[in-house]
Amino acid sequence: MKVTVRYFAQLRDAAGTGSEQVEGDFRTPADLWTHLCARHVFPLGAADLRVSVNARYVPFEAPLGEGDEVAFIPPVSGG
Amino acid sequence: MKVTVRYFAQLRDAAGTGSEQVEGDFRTPADLWTHLCARHVFPLGAADLRVSVNARYVPFEAPLGEGDEVAFIPPVSGG
Amino acid sequence: MFVLQASPLPGGADLLPPGDLACGGVVVFEGRVRDHNEGRAVTALEYEAYEALAQAEGERILAEAAQRFGPVRVAAAHRQGLLQLGEAAVVVVAASAHRQEAFAACRWVIDAIKERLPVWKREHYVDGTRAWVACGCHHHGPEAP
Amino acid sequence: MFVLQASPLPGGADLLPPGDLACGGVVVFEGRVRDHNEGRAVTALEYEAYEALAQAEGERILAEAAQRFGPVRVAAAHRQGLLQLGEAAVVVVAASAHRQEAFAACRWVIDAIKERLPVWKREHYVDGTRAWVACGCHHHGPEAP
C-alpha cells in the first residue's frame, strides 16, 4: 500500500519535509505511525496527535486505502 | 415643594407634554405619582413604572427635594 | 465610553481605543432594526430617550461590567431618533485577554441595556399608524432579541 | 461561509450577506495577535494551516453550529501566513433573531475552531528565535483567549 503523508508544524520540522510518499504494509493510521517512527525522530507521540485521512479526522484504527492522504495533526493553536 | 416632572413614551402621549412643573405637598415619588394621577389619565400604573430623580433610579419611597427632576419610567424597549 | 446619538452608530471596534483592542479577544454585539415584529410589517422605527438618565445609566452599566468581569474593556452606543430598517440601534464591544470574559461582559452589558436604559421604541407601520413597543425584554418572553 | 486566507481578514459583519444581518442580533468575535505571550515579547506571528482539512473542518464546524443553534447564520474566517501585531487571526460572526442564540453560536464556533481547526501558530521573538505555540487551548489553561 502506498499513501501520501503530510507533516505540519513540529512534525514538519522533525521530518524535514512537508510531505512524503510512503509504501509499506500498514492497514491503519496507527500502523503507519509506527512505521514512520522508525524513519524519523518525532517530538510528539501518538497520544498527542489526531489523524486525518483525505481531509477528515478519523480514528487511529480507521482503514487506510491506496493513495490516501494521511496527516498526523499536532495539537492545534489557531484562533 | 416644587419639582419638574418629565414624561416619556406612553406617559408623554397621555400627559400631552414632555415636561411640567408641579407644586404640592408630596415627599416621595409615590406621593407625587398619586398627585399626578389626579391630573392625567395614564395608561400605566405604578407597578409598571420605575422612577428616577435627577438622572438616577431611586425607590418610590425615596425623599424628594425642592427643584428635583423626577421621571416615571415606562417599561423600556431599547436595544 | 457610553454614547447616545442620533446619527448612525460606529462599528463596535471603533468604540474602543486601538490599544484596548490589542488584548486578545474582542466581542461585538449589534442589535439591528428588523422589518417585522409580531407579524406586522414595520417601515421605520424611532427611539425616544431620556437623555440625561440614559447617559448616566449607560455609564453606570459599563462601570459595573468592568467591576464584574475584571480586566475587560467595554464600550457601548445606542441610537436615538428615527432609524431605517437594517440600521444598528445598539452596539456593544468587550475586549479582554481572555475570550470567556469578553463574551460574558458583552452579553451582560446588552442584557443590562435592554433592562435598564431609558429608551423607548416606537414602530411605524405600513398603514401609517405608530405604536410604542411595550417592552423589548419582557413582553416578548425570555427569548426576545 | 468559512474562509482561510493569507490576506487581512474582513470585519465580521462583512462575512455574512446583508440579508442575514437584518435579523436582529449580530455577535462578532475577533481574535487578535498579542504583543506578548507567557512573558516573552513577540514581534510577529505566523500561522501554518493544513489547507484542505482546515477548509473542510471549518465548513463542518459552521454546519454543526447551524444544526445546534437553530435559525442562526454563522460564518468565520481564519488567517494564515505572517501576521503583524494587532491583526485579526480569526473572525467569527453569528446572526439571529434572538441574541441568546447568536451569542451561544458565536461562542461555540470559536471554541470549536480553537479545538479542531488544523492551524498552528509560530511566534517570532525579539532575539530572532521562533517557536511553535504548543496549543492555544490546553497549555494555557481553560481561561486562555
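Model, not experiment: these values are computed from the prediction. Every chain is numbered from 1, with letters handed out A, B, ... down the list of sequences.
The two residues A:S77 and D:V133 make their nearest non-hydrogen contact at OG-O, 3.3 Å. Nearest heavy-atom pair across A:G79 and D:A89 is O-CB, 4.2 Å.
In this structure, the portions of A:R56 lying under 4.5 Å from any heavy atom of chain D include both its backbone and its side chain. If you measure heavy-atom distances from D:A88 to chain A, you find no contacts under 4.5 Å at all. Looking at D:V119, both its backbone and its side chain come within 4.5 Å of chain A, counting heavy atoms on both sides.
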Problem set entry | Full working for side chain to side chain contact (heavy atoms under 4.5 Å, CB included) between D:Y50 and A:E69 | CA-CA 12 Å; D:Y50 179 10; A:E69 177 170 300; 2.5 Å; yes
Problem set entry | Stepwise side chain to side chain contact (heavy atoms under 4.5 Å, CB included) check, D:W120 with A:I73 | CA-CA 10 Å; D:W120 298 273; A:I73 305 293; 3.6 Å; yes
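With rounding to the nearest 0.5 angstrom, the CD atom of A:Q10 is 9.5 Å from the CD atom of D:E48.
Side chains of A:P74 and D:W132 form no contact here, defined as non-hydrogen atoms less than 4.5 Å apart. Using a 4.5 Å cut-off on side-chain heavy atoms (C-beta onward), A:D13 and D:R122 make contact.
Other residues, nucleotides and ligands place no more than 12 heavy atoms under 6.0 Å from the CG atom of A:D25. Shown here is A:E66, whose CD atom has more than 12 heavy atoms of other residues, nucleotides or ligands within 6.0 Å.
Per-residue counts of heavy-atom pairs under 4.5 Å with chain A were compared for D:R116, D:Q80, D:H78, D:E30; the largest is that of D:R116.
Contact annotation for residues 55-62 of chain D against chain A (heavy-atom separation below 4.5 Å, listed by residue number): D:A56, D:E57, D:R60.
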